[in-house]
Structures are given as C-alpha cells and as structure tokens.
Amino acid sequence: MNPTPGLDLPPLFMCASDTPDAPLLGYHDGISSWTLNAAADPQGIRQAFVSHHERAHHQLHSGSAWGTAMLITGLADEHGKVAADLWQDLARACSETHEAYATFAAVAQVPDGLDFLASNFRYLQYLRRARIIADVFDEQVTDAGLHLIMHLLMTPRALLVLGPDDLRRPDIVEQLILGYAPDERFAVLRAALAGDALRRSLRELICDVDTVVDVGAVSTLLSGAGVDTPEPRAVNTWITDMIEALGPVHRSLVAESLGTSDRLTALLDDQQRERVQMHHDVLPLRQIIPAGDGSFPVAQFARTAPDLGAHLWLAWLHPGFLRHQFDVGDQSLGDECSLGLLACDRTHGDPHASWLTWPSVPPGPAAYSIR
C-alpha cells in the first residue's frame with residue numbers, strides 16, 4: 001500500500017553523511033515506501049548503496065510487529081486522522097535498530113560498500129553494533145542470522161496484546177516505549193552477547209543455510225537473555241489481524257499484504273515502492289509513444305556516467321508518482337502500474353522529463369528486448 005503522495009509527515013530513517021550541510025541521499029517514509037535522491041549524487045554505485053539501504057529499512061519495517069504498529073499510527077483512521085506524534089515516538093524508539101540493520105545490509109550487498117562509510121562515524125557506529133550480532137554466526141549464515149535477530153528485536157511480546165485503538169492512545173504508547181523499545185532491546189542483547197553461552201547457543205540454532213531455523217527456539221533464547229520475544233505463530237497472527245483491521249479504510253493494504261501473487265511479481269511490486277527523485281525541480285513530463293514495431297528514440301533516453309557507463313532508467317511505476325514528481329499537464333497516464341523508460345533532460349532545449357511506457361508488456365520481456 002502506498003500512502004498518498006505529499007502526505008504531511010516528515011521523512012524518517014534518513015540516509016545522509018554526518019556533516020551538518022550534507023544532502024539527504026534517501027529516506028524511508030516510515031510507512032511503506034522509500035525515496036532515492038538521485039539528484040543529490042550522480043554516482044551510480046552510491047545510488048545503489050542508498051537504494052539497498054532504504055530497501056532494507058522497508059524489509060525490517062514491513063516484516064516486524066513494531067513496523068506494523070507504526071503503520072497503524074502513520075496511516076489515517078476512519079476519520080482521516082493520523083497519529084503523527086505517536087508515529088514519530090515509535091520511530092525514535094527503533095531508529096538505531098533500523099539504521100544498524102540497513103547499514104549492514106547495504107555494505108553486504110554493494111561491492112566495496114564499506115568504502116561509502118569512510119569518515120562517516122555515525123554510520124560506522126551503526127555498522128559496528130550490527131556486527132556484534134552478525135559476528136555470532138558463521139560466515140555462510142551471517143545475513144540470515146542478523147535478519148532474524150533484528151526482526152525479533154522489533155517484535156516485543158508486550159506489543160501483541162495491543163489493538164489498533166490502543167496504538168492511538170498516548171499513555172499506552174508511552175508505556176510501550178518505556179518498557180519495550182527495540183533500541184533498548186538491542187542494547188540488552190549486545191550486552192548479553194558478551195558471554196559465550198548465549199553466543200554458542202545462537203550459533204548452534206542458526207548454522208546451516210539448508211536447515212530451517214527453529215524461530216521459536218531463538219525467541220526462547222532471547223527471552224531468557226532479557227529480550228522478551230513471543231512465538232512466531234503469535235506474531236504472524238497479530239500482524240495479520242492488524243492488517244485486516246485496517247482493511248475498511250485502506251483496502252489495497254490488505255490486498256497487497258495478504259495476496260498470493262508469484263514471487264517475481266511480488267518483488268517487482270515491492271520495488272516500485274522506491275521513489276527516485278531525478279531532479280530537485282519539478283519538470284514538465286513528455287510522453288513518448290513507441291513506433292508500431294516497438295522501437296523508440298534510444299538517444300532520447302540514453303545517459304552516461306563515469307562509473308555506470310551508458311545506461312537507461314527502466315522504471316516500474318504507478319502513474320500517481322509521476323503526477324507527484326512531474327508536471328504532467330492534462331495528459332492521461334491511466335491508473336495502473338506499468339513498465340517504462342524515464343529520463344530527465346536539462347541541457348537540450350527546455351528542461352523536461354521523458355516517459356515512455358509499455359502498458360501491457362511484463363517487465364521480463366521488456367528488459368530482454370532492451371538488452
């Protein structure tokens with residue numbers, strides 16, 4: 001479910017250098033999508049790092065009970081009201097956990113990813129704290145181990161007794177944060193991992209990429225170490241109930257969260273949550289129509305960069321995001337997600353953006369034809 005573009009809430013989980021005047025490179029909105037600010041840095045490899053970082057925020061957010069609680073407070077209720085203050089309070093209570101997870105994921109997935117954190121002491125600290133957990137596990141299961149533990153840190157047992165109405169009450173949210181904030185649970189676990197017993201037990205439970213992990217046993221271990229964590233079945237039931245409770249107001253949220261689409265389609269639908277800010281100014285959008293044989297003016301979309309070489313921007317977008325980011329005038333863009341090429345031109349004639357779409361072509365065949 002994508003929130004209405006322009007929702008009057010500040011961006012959360014922001015990615016930037018730790019210098020005071022550094023540009024914002026990207027951010028997760030604390031609800032269901034993230035933004036890559038391609039206009040802030042033209043380096044393709046840095047954009048890839050930020051994209052992985054923000055996507056990891058979404059992965060943690062959408063797969064945990066604390067993220068679901070934030071969804072409830074960050075979306076409008078049946079009266080059109082957003083519990084913005086509670087939403088931000090919940091975000092502050094898990095920001096370190098979020099940043100540690102996302103930073104570790106980006107470093108792991110981007111070649112020479114650690115280079116992008118040089119002299120960025122704040123994010124290096126996030127990475128060091130994530131590695132305290134990651135280093136518990138053997139190399140082949142490091143990512144899986146960290147992924148599971150961080151999701152469990154974001155899922156305190158106390159949250160599972162609360163309903164949507166409870167999560168809009170300041171007194172209940174205050175008590176929840178005081179006693180069960182993910183960042184506090186993260187600190188407790190790091191301290192507990194100073195002892196060999198917990199490290200050894202966790203390593204024994206998560207040790208083989210071909211073995212299904214007993215999540216219940218991991219939850220029991222964490223509870224014994226002072227990080228009270230519920231059984232996975234109870235977590236899944238609670239998250240499903242919360243999503244369904246939002247159904248009367250946000251119907252598409254239920255359809256997307258509980259759907260049964262194939263994995264490739266699900267990944268593409270998930271990736272279209274990424275909003276790419278191509279330029280800081282709002283440019284007029286020109287729709288380009290392919291010829292009858294499917295050909296198009298490649299030069300109009302081709303771009304180059306020192307580290308990327310020649311490339312095209314292939315996008316899977318909802319037209320609502322095009323309307324939000326560009327001046328589309330009275331053009332008809334429809335109301336369905338589609339695959340297309342996107343380019344911004346500020347050097348040839350009037351500055352503008354070009355959009356060429358294949359409304360009925362699946363992403364796979366289109367990418368093959370471009371190659």
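Remember, predicted model here, so these are calculated numbers, not experimental data.
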**Request:** Keeping the roles fixed (side chain from Glu99, backbone from Ser95), state whether a donor-acceptor pair exists under 3.5 Å.
**Result:** no
**Asked** When hydrophobic residues are tied together by side-chain contacts of less than 4.5 Å, even through go-betweens, does Leu178 share a cluster with Phe186?
**Response** no
**Message:** How long is the straight-line distance from CG of Leu159 back to OG1 of Thr68, given to the nearest 0.5 Å?
**Reply:** 8.0 Å
**Stepwise side-chain contact (heavy atoms from CB on, under 4.5 Å) test for Phe49 and Asp115** = CA-CA 10 Å; Phe49 184 92; Asp115 293 347; over 6 Å; no
**Atom CG of Asp350: over 12 foreign heavy atoms under 6.0 Å** = no
**Request:** First locate atom CZ of Arg203, then atom CG of Asp138, and finally report the distance between them rounded to the nearest 0.5 Å.
**Result:** 6.0 Å
**Request:** Go through the side-chain N and O atoms of Arg185 and Thr97 and say whether any donor and acceptor fall under 3.5 Å apart.
**Result:** no
**Prompt:** Arg303 side chain to Cys344 main-chain N or O, any donor-acceptor pair under 3.5 Å?
**Reply:** yes
**Fill in**
Looking only at heavy atoms, the pair that brings Met154 and Cys94 closest together is SD-CB, 3.6 Å
**Asked** So which pairs with a foot in residues 224-242 pass salt bridge (charged side-chain N to carboxylate O under 4.0 Å, His left out), sequence neighbours left out?
**Response** Arg157-Asp228
**Request:** Over 60° means perpendicular and under 30° means parallel, so classify the ring planes of His61 and His98, tilted if in between.
**Result:** tilted
**Request:** Please round to the nearest 0.5 Å and tell me the distance separating atom CG of Leu333 and atom OG1 of Thr357.
**Result:** 9.0 Å
**Request:** Verify the distance criterion only: is there a donor paired with an acceptor across the side chains of Tyr101 and His147 at less than 3.5 Å?
**Result:** yes
**Request:** Check whether any side-chain N or O of Ser64 sits under 3.5 Å from a backbone N or O of His151 as a donor-acceptor pair, and report yes or no.
**Result:** no
**Asked** Which value, rounded to the nearest 0.5 Å, describes the distance between Trp238 atom CH2 and Ile243 atom CD1?
**Response** 8.5 Å
**Message:** Taking side chain to side chain contact (heavy atoms under 4.5 Å, CB included) as the criterion, tell me which of Ile172, Leu90, Asp183, Leu86 meets it with Ile177.
**Reply:** Leu90
**Request:** Measure the spacing between CZ of Arg128 and CZ of Phe121 and express it to the nearest 0.5 Å.
**Result:** 9.0 Å
**Message:** Within a 6.0 Å radius of atom CD on Glu96, are there more than 12 heavy atoms belonging to other residues, nucleotides or ligands?
**Reply:** yes
**Asked** Just by distance, do the side chain of Thr73 and the backbone of Met70 share a donor-acceptor pair under 3.5 Å?
**Response** yes
**Asked** About how many Å separate CH2 of Trp355 and CD1 of Ile289, when rounded to the nearest 0.5 Å?
**Response** 11.5 Å
**Asked** Is a donor on one side and an acceptor on the other found under 3.5 Å between the side chain of Ser354 and the backbone of Arg286?
**Response** no
**Complete:** ring pair (Phe, Tyr, Trp, His ring centres under 6.0 Å) filter on Tyr126, not counting sequence neighbours, yields Tyr123
**Complete:** Tested for side chain to side chain donor-acceptor pair (under 3.5 Å) against His57, the lone hit among Arg55, His53, Gln59 is His53
**Request:** Return the minimal non-hydrogen interatomic distance between Ala192 and Leu198, and the atom names on each side.
**Result:** CB-CD2, 3.7 Å
**Prompt:** Can you tell me if CG on Asp85 sees more than 12 non-hydrogen neighbours from other groups inside 6.0 Å?
**Reply:** no
**Message:** How close do Thr142 and Phe137 get, counting heavy atoms only, and between which atoms?
**Reply:** OG1-O, 3.8 Å
**Request:** Measure from the side-chain N and O atoms of Gln331 to the backbone N and O of Val328, and report whether any donor-acceptor pair falls under 3.5 Å.
**Result:** yes
**Message:** side-chain contact (heavy atoms from CB on, under 4.5 Å), that's the test. Do Phe116 and Val110 meet it? Break it down for me.
**Reply:** CA-CA 10 Å; Phe116 297 107; Val110 176; 4.0 Å; yes
